Amino acid sequence: MTRASTRSRPRTRSQPEPARLHSRTGDPIDTWLALLTTMLRMPQHKAAEIRDELEDHLRTRVRDQLVAGVDEETAVRRAIDEVGEAAAVAHRFRTAARTPVRRLFMHASILSISVAALGVSIAAFTSGSPSQPAVYEYADSTQVEGLRAVEITTDPNWTFEQFARHVGDIAGKPVYIHWRSLADVGIDREDADWTFDVDIQQASFDTVMRLLNERLDWDNAVGLRTFEGRLEFASRDYLDELTVKLVRYDVADVIEAVSANWNMDAETARDEIIDLIQEYVEMEAWQANGGALASLRPVGNHLFIQAPERFFPKIEWLLEQLQAGHEPQAAEPDAVGVNVKDPRLIFVSGLVSRPGSYALPQESGISLRQLLAYAGDVSGEASKIRVWRGEVGARAIVHDIDLDARRLPERPDDYALLPGDLVEVR
Amino acid sequence: MPNAPTPKPDLELIILSVLDTPLYGYAISKAVKARSDGQMTLSAGVLYPALARLEKAKLIRARWEEVNSDRAEPGSRGRRRKWYELTDKGRKRLAQRIDAHRAFQRMMDAFIAGTSVEESK
């Protein structure tokens, strides 16, 4: 039993205590500390350290007051009052543990504005095929060969070493455990009380790692890599530092794409790209956001990026998405001001004299040419006519006419429209 | 000026400054009080999480010391005390922060010097 768990039960009454000035049971300081320990919800050894430190503070503070002639009850109450509510203190400690970055909050609030704006734009970019948005697949740990499709059943009583060996057996690889870095995230080899504490049957390796990291109450505490044929378990921070590399990207095409699609000058476009990377790829890690792990410097059309290896696939994915927007797949135009639920309507939008909705004649269909006759002249600026069909918001182009090649109305072919179709002239 | 807003104290600068010699938490709070002529009290509920953050940022490092507790029972372990000291990184950061603070102060003084408002009593 560690000190922390012994002391987190201040109200035990079953054990007779030796006669003392104050019985340990009901000692307000112990009670406060027990409350704090519970509320910290941190790895045991971390919580024990915080608890011990605050106990030293409280007891020293009481002693100082006793020396000054204050009675003990008042001294204890005052010492506790000065520290404050256990819940509030625990919250501050948890915040401190989660935000190693001094100015993170400041940056987060400034940057959240640009995130919101860019988020919308990105959505517009990728909405070409509305049913299949571009999604970045997070794949970290399962990069390890031999662990991708396995099922693991865990034993909550495992030591960390037993877990690691089990994983090694499954992957058929020798295992190396970097204890020194793991101690920083609460996995202490010497702590006999440490158990795996994750109880799950036939789960993927990723799930097991996620549950372990959640239980350690640390963001991304434990990581894994293969190195020289070994599986190496270490803290995520440690692995990140080991795998930092410097990469140069030529982003001329991406800058061009972004400035064309968002109507920006090249410099603004470049800044947007940089912001986007530093927002969406491990925001806290970037020097610009107060972090230490990653840095980014633009030089002309190039970006020099120094970051842990696992950042790069995500960075490259973002760059690809931005560039893909250069030839934007068509976004479904709005059918403005019409009752989209009426099944008998056909919609016309864009460069015609009378855009809007048109009711289908009873019992008979209508062709594209007939509809355009109702909708009036197609503007000379129009270069395309498209017919969209399907559910609202998920329509697909079913007919696409390039007007530069064959001008209306000499166009020989015609196209039968269905109720709910949307004709876009652009 | 009882209601005038005072500038927010810079916790990091304060803590790093008093840690020019190794201290434990309670001693830090006393040092802060002493150096500010009793005008500044750093609540333990704020101080210790701040220390945890500085330690995590490797600006300060800690070591533990066993202390004899007045309340210790025979055979029981004594209390532990956590001492802090600046790391090299912390020393560098402190020097930077002092420079930055002085520069800021000079700038603000220059602004204030230009006002015609009387200093209130």
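Worth saying up front: this structure is predicted, and the values here are computed from it rather than measured. A, B, ... follow the sequence lines: proteins, then strands. Residue 1 opens every chain.
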(request) Count the heavy atoms of every other residue, nucleotide or ligand shown that sit under 6.0 Å from CZ of Arg297(A), and state whether that count exceeds 12. (result)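 No, not enclosed.
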(request) Verify the neighbour count for atom NZ of Lys89(B): are there more than 12 heavy atoms of other residues, nucleotides or ligands below 6.0 Å? (result)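 Correct, the count exceeds 12.
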Would you mind checking which part of [X] comes under 4.5 Å of any heavy atom in chain B, side chain (CB onward), backbone (N, CA, C, O), both or neither?
{"X": "Ile50(A)", "value": "neither"}
{"X": "Glu85(A)", "value": "neither"}
{"X": "Glu82(A)", "value": "backbone"}

(request) Compare every heavy atom of His57(A) with every heavy atom of Tyr48(B), then report the nearest pair and how far apart it is. (result)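 Heavy atoms only, the tightest pair is OH-ND1, 2.7 Å.
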(message) For a 4.5 angstrom cut-off between non-hydrogen side-chain atoms, does Arg80(B) reach Glu55(A)?
(response)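 No - every pair of side-chain heavy atoms lies 4.5 Å or more apart.
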(request) Check each atom of Thr41(B) against the heavy atoms of chain A and say whether the ones under 4.5 Å are side chain, backbone, both or neither. (result)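 Neither part; nothing is under 4.5 Å.
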(request) Would you please say whether a donor-acceptor pair under 3.5 Å links the side chains of Thr60(A) and Arg81(B)? (result)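 Distance-only check passes for Thr60(A) and Arg81(B).
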(message) For the CG atom of Asp56(A) and the OH atom of Tyr26(B), what is their distance to the nearest 0.5 Å?
(response)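 OH of Tyr26(B) is found 10.5 Å from CG of Asp56(A).
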(message) Check whether Arg92(A) reaches the backbone of Gly45(B) with its side chain - one donor and one acceptor, N or O, closer than 3.5 Å.
(response)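 Yes, Arg92(A) side chain to Gly45(B) backbone: donor-acceptor pair under 3.5 Å.
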